[in-house]
Amino acid sequence: MANLILILGDQLTTDISALEGADRETDRIVMAEVHNEASYTNHHKKKLVLLFSAMRHFAQQLRDDGWQVHYQQYHPDNKAQSLESVVAAAIRDQGADQVITTECGEWRLHEQISQWQDSLGVPVQIRPDTRFFATKQEFADWAEGRKQLRMEFFYREMRRKTGLLMTPEGKPEGGEWNYDADNRRKWTGKPAAPAPFRVEPDAVTREVMELVDEHFADHFGTTEDFHFAVTPEDAKQALAHFMDFALPCFGDFQDAMSDEEDWLFHSILSPYINCGLLDPSAVCEAAAQAWYAGQAPINAVEGFIRQILGWREFVRGIYWMNMPGYAKENRLGNTRDLPWFYWTGDTKMRCMHKAIDATRRNAYAHHIQRLMVTGNFALLAGVRPEEICDWYLAVYADAYDWVELPNVLGMVMHADGGYLGSKPYAASGKYIQRMSDHCSNCHYKVNKSTEEDACPFNSLYWHFINRHQADFSNNPRMGMMYRNWEKQKPEGREALLKRADYLLANLDTI
Ligand code: FAD
Ligand code: SF4
C-alpha cells in the first residue's frame, strides 16, 4: 500500500504522528507553501519567513533521512491553488492508496480536511496530535459536569499526570502548586535583561525573505532583522540560551514591561513549540531539571512550566470543545471597529505605541503586553471580538487559531461570558504604571482621569465598569470596583464618562 503523508507547516517534527509506521520505500511525504494558507489573514512577514524557511529546512532534513518528499514551493502563478488540489495532484502522481495526516490546529482547515475522503476518492486517515500532554478527549472528560472551567485545577491534574515538579510522595515540589504571587516585580533595569537568542539567516532563509518581501509586501510587519531559529537544532540552542540566561529571573519579572527592552526574561520559544521545532514536554523537562540542579528558583520554574503544561493545554482543550460556535461569541455586545493605530502604532499612548511597535518589528510581544496593554485597551474600548482576534492571529509569529482564539476572545475580551476566566482583566493606567516605566515617558498623565492630557485607560476603565454593570456587579471578584464607582460623586462620574465618550468618538487621534 502506498501512502501519501501530508505534513502541515506547524507539524515540523519527525515525531509527528502522521509519520508513525511510515515506509521510506513506498510512502511519499507532501508539503506545500499554499497561497491561500499564507494569505487568508494579514500574517506578519516574519511569521511567513519563519514558517516557509522552517518547512524548507525540514523537507531537506527528511530527504537527507531517505524520505521521498514532494515539496511545493510558493509561486505567484499558483494563487488559486488550494491545499486540497496539491494533495489531489500528488495522489495522482504517486498513485497513492490513502492519505495520512495529523489533525491540524484550526477548525477551518479541520473542516476541509474532514471532507477530503469524499472529494479525493481515497481514504484519509487523520491521526491525533500527540505533541500535547492531554488528548482532546481527556480534556473533555475533565471538563464534563463542571460549571466553570478553571486552569488551576486542570493544571494540577497535568502535574499529577506527568510528575513534573512533583515529589515522589505526590506533593508539589516546594510545597505550593502555584507561585504566581511571587511573580509580579517591576523591572528597573537590574539585573540586565539578556540579549535574545539570534540565528543569522542562511541562504534558504534569505531566499524566503526576498520572496516574502516581493509577494507579501502589503502584509503587516517587516522581514528586517529576522533572527529566529528555523531548524530543530537551532531551536534547541534557543532553549539552552533561555535556560542559561533568562529562566532564573523569568518568575520575578514575568509581569514586568519596559520602555527599553522588548524581550525581558521571556523564553521566546512559542514560535518554535507551536510549529514543531521544539517539543513542549522536553521544554518543561529542561526547566524542571534547572530547578533540581539549583540553577533557577522555584517561582521561575513553576511559573514557566505552568504556562506550557497549564495554560497552553487548557486553551487548546477549550478551543476544540467549543468550536465552531466559540469564534462567534460576543457576550459583551461589542460593536466598535479596531482602531487603525493597531496596525501603525501611531498613538500618543506610550504603552500602546511600544507594544505595537515591538510587534511590528519582532512579530512578538510578551504576555503582559498582549493581555494588559493591547488586549486591555480593546476590552475597555469595546472592540468587536472578531476584529481584535483577527489582529492577534495576524501579528504574532506564534499565532494559530487554537491558541490565539481562546486567549483573545476568552481571556482578554471576556466575550465567552466568563467560561475561560472568572473576571475580565480590565485595568486602569495604574496597573501599567505599577508594572512598567512607560508612563514616565508618555504624553498622557497616568494620575489624571478627566483632563485633556489624562491617561485614556483611566476614564475608559470606568466607562467599561459603568456600561457593564448588569454583566458584572454581582461578580464577587468585581464587587469592590462597583462599590468604588458608587462611592464617587455624581459629577465625578459624569466627568469620567464624558471624557471616555470623547475618547471613544476620537480613537484614531489619541
Ligand atoms: P513565555 O512567557 O516565555 O512563556 C513560556 C511558554 O508558555 C510560551 O512559549 C507558550 O508556549 C506558553 N504560554 C504562555 N502563556 C500562554 C497562554 N496564555 N496560552 C498558551 N500558551 C501560553 N500564545 C501563543 O502561542 N500563540 C498565540 O497566538 C497567542 N496569542 C495570545 C493572545 C493574547 C491576547 C494573550 C493574552 C496571550 C496569547 N498567547 C499566545 C500566550 C502568550 O502571550 C504567548 O504564548 C507568549 O507571550 C509567547 O512568548 P514566550 O515564548 O516568550 O512566552
Ligand atoms: Fe499608557 Fe496611560 Fe501610562 Fe500613557 S499614561 S503609558 S497611556 S498607562
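Both ligands and their constituent atoms are indexed starting at 1 by order of listing. Predicted model only: the values in this text are computed from it and were never measured.
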Indicate yes or no: does an N/O atom of Asn274 lie under 3.5 Å from an N/O atom of ligand 1?
-> yes
Taking the six-membered ring for Trp, is the centroid-to-centroid distance between Phe245 and Phe265 below 6.0 Å?
-> no
Please write down residue, atom name and distance for the protein heavy atom closest to atom 5 (C) of ligand 1.
-> Phe304 CE1, 3.4 Å
Would you mind reporting whether Phe228 and Thr205 have side-chain heavy atoms less than 4.5 Å apart?
-> no
Ring centers of Trp402, Phe132 separated by less than 6.0 Å | yes
So do Phe133 and Cys284 actually touch side chain to side chain, heavy atoms under 4.5 Å?
-> yes
Considering only protein heavy atoms, which is closest to atom 7 (O) of ligand 1, and at what distance to one decimal place?
-> Gln307 CB, 3.0 Å
Are the aromatic rings of His227 and Trp263 close, with centres under 6.0 Å apart?
-> yes
Pair His266 + Phe250: ring centers closer than 6.0 Å | yes
Those residues at least two apart in sequence (or on a different chain) that pass salt bridge (Lys or Arg N to Asp or Glu O under 4.0 Å) with Glu329 are Arg331
Ion pair present between Lys354 and Asp357, side-chain N to carboxylate O less than 4.0 angstrom?
-> no
Looking only at distance, does Tyr364 have an N or O less than 3.5 Å from an N or O of ligand 1?
-> yes
With a cut-off of 3.5 Å and sequence neighbours excluded, list every side-chain donor-acceptor pair involving residues 344-351.
residue	atom	partner	partner atom	Å
Thr344	OG1	Asp346	N	3.0
Thr347	OG1	Met349	N	3.0
Thr347	OG1	Ile510	O	2.9
Lys348	NZ	Thr509	O	3.0
Arg350	NE	Asp259	OD1	3.2
Arg350	NE	Asp259	OD2	3.1
Arg350	NH2	Asp259	OD2	2.7

Metal environment of atom 4 (Fe) of ligand 2, protein N/O/S under 2.8 Å = Cys442 SG
Examine Tyr392 against ligand 1 and note whether any of their N/O atoms are separated by less than 3.5 Å.
-> no
Among Arg312, Arg306, Gln369, which one has a heavy atom closest to atom 21 (N) of ligand 1?
-> Arg312
So is Leu269 polar-close to ligand 1, meaning N/O to N/O under 3.5 Å?
-> yes
Nearest non-hydrogen contact to atom 45 (O) of ligand 1 from the set Ala397, Ala378, Ser270 belongs to Ser270
Side-chain donor-acceptor contacts of residues 369-387 below 3.5 Å, not counting sequence neighbours, with atom names and distances?
residue	atom	partner	partner atom	Å
Gln369	OE1	His366	N	2.9
Arg370	NE	Ala365	O	2.7
Arg370	NH1	Asp398	OD1	3.2
Arg370	NH1	Asp398	OD2	3.4
Arg370	NH2	Ala365	O	3.0
Arg370	NH2	Asp398	OD2	3.0
Thr374	OG1	Gln369	O	3.2
Thr374	OG1	Tyr392	OH	2.8
Asn376	OD1	Ala427	N	3.1
Asn376	ND2	Met372	O	3.3
Asn376	ND2	Ala427	O	2.9
Arg384	NH2	Glu387	OE2	2.6
Glu387	OE1	Leu338	N	2.8

Take every heavy atom of Trp263, measure it against each atom of ligand 1, and state whether any distance is under 4.0 Å.
-> no
Under 3.5 Å between some N or O of ligand 1 and some N or O of Ile268?
-> yes
Do Arg493 and Trp485 meet the cation-pi criteria used here (NZ or CZ under 6.0 Å from the six-membered ring centre, within 45° of the axis)?
-> yes
Of all heavy-atom pairs between Tyr272 and Ala229, which one has the smallest distance, and what is that distance?
-> OH-N, 3.0 Å
Would you please determine whether Phe250 falls within less than 4.0 Å of ligand 1 on a heavy-atom basis?
-> yes
Look at atom 42 (C) of ligand 1 and say which protein heavy atom is nearest, naming residue and atom and giving the distance to 0.1 Å.
-> His367 ND1, 3.4 Å
Would you please determine whether Ala365 falls within less than 4.0 Å of ligand 1 on a heavy-atom basis?
-> yes
Could you tell me the residue and atom name of the protein heavy atom closest to atom 6 (C) of ligand 1, and the distance to it rounded to 0.1 Å?
-> Ile308 CG1, 3.6 Å
Tyr396 near ligand 1, heavy-atom distance under 4.0 Å?
-> no
Would you please classify the geometry between the Trp340 ring and the Trp343 ring as parallel, tilted or perpendicular, with 30° and 60° separating the classes?
-> tilted
